[in-house]
Amino acid sequence: MAGLEGMEQPRGDAHAAAARWSPTVEDEHALKALELYGNPTEAEVPLPSRPESAATARRLTQVVVLRHWGLTPKTTEDAVLLVSELVGNAVRHTGARVFGLRLHRRRGWIRVEVRDPSRGLPCLMPVQELDVSGRGLFLVDKLADRWGVDLLPRGKTTWFEMRVADR
């Protein structure tokens, strides 16, 4: 390889690594998550408040937004990123054992909700270029068309909405 003479080449099966990260494999994981946890468009899906639940929430959001609703890859990518941020906040800051995920679609809009039992409100913090954390709500604020928090008798729902083109 040009410019890599004398450099050790990566080992392992590159084909296997590519297959592991392919969109087809990710679709399979997303469909499996839907089968295991339920459809967040039909009812709130309870997920354990653990960091690995962010991957489940991303997969559920991906399969609903891209496959069920047929929205664009860009809309899907943004929704997946933002749900990950809301889930991260619920897992890190609420002390909850479980949080809930719900997705809604109405004419021209999608709405993603994360419910947790804490009544502590999330706070949009100023973000500096070199900050390595604290960017979650900043990203939500920048990429979503609107977002907010609904206080409940026992907890809160943090949500974002995005405009979408209806077919």
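Along the sequence shown, the residues carry numbers beginning at 1.
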Test log, rule side-chain contact (heavy atoms from CB on, under 4.5 Å), inputs Ser49 and Val91: CA-CA 5 Å; Ser49 190; Val91 169; 3.8 Å; yes

Can you confirm whether [X] sits close enough to [Y] that some side-chain heavy atom of one is under 4.5 Å from a side-chain heavy atom of the other?
| X | Y | value |
| --- | --- | --- |
| Arg59 | Leu34 | no |
| Thr76 | Trp69 | no |
| Leu101 | Leu86 | no |

Flag for Thr56-Ser53: side-chain donor and acceptor within less than 3.5 Å: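 Looking only at side-chain atoms, Thr56 and Ser53 do not form any donor-acceptor pair under 3.5 Å.
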
When you check the gap from the basic side-chain N to the acidic O, do [X] and [Y] get nearer than 4.0 Å?
| X | Y | result |
| --- | --- | --- |
| Glu161 | Arg106 | yes |
| Glu113 | Arg111 | yes |
| Arg92 | Asp116 | no |

Shortest non-hydrogen separation from Leu121 to Leu151 and the atoms involved: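 That would be CD2-CD2, 3.8 Å.
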
Atom of Pro122, atom of Lys156 and distance for their closest heavy-atom approach: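 Closest approach of Pro122 to Lys156, heavy atoms only: CD-CE, 3.9 Å.
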
ILVMFWY network linking Leu103 to Phe160, side-chain heavy atoms under 4.5 angstrom: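 Linked within one cluster.
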
Transitive ILVMFWY side-chain link Leu36 to Val80, under 4.5 Å: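 Different clusters.
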
Over-ring placement of Arg146 relative to Trp109, 6.0 Å and 45° cut-offs: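 Positive - Arg146 is close enough to the ring of Trp109 and near enough to its axis.
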
Whether over 12 other heavy atoms sit under 6.0 Å from Arg97 CZ: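 Counting neighbours around CZ of Arg97, 12 or fewer heavy atoms of other residues, nucleotides or ligands fall under 6.0 Å, so no.
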
Residue pair Val149, Thr157: steps toward the side-chain contact (heavy atoms from CB on, under 4.5 Å) verdict: CA-CA 6 Å; Val149 180; Thr157 298; over 6 Å; no

Val98 and Leu47: CA distance, side-chain angles, deciding distance, side-chain contact (heavy atoms from CB on, under 4.5 Å) verdict: CA-CA 6 Å; Val98 175; Leu47 295 168; 5.8 Å; no

From Arg115 atom CZ to Arg154 atom CZ, the distance as rounded to the nearest 0.5 Å: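 Rounded to the nearest 0.5 Å, the CZ-CZ separation comes to 11.0 Å.
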
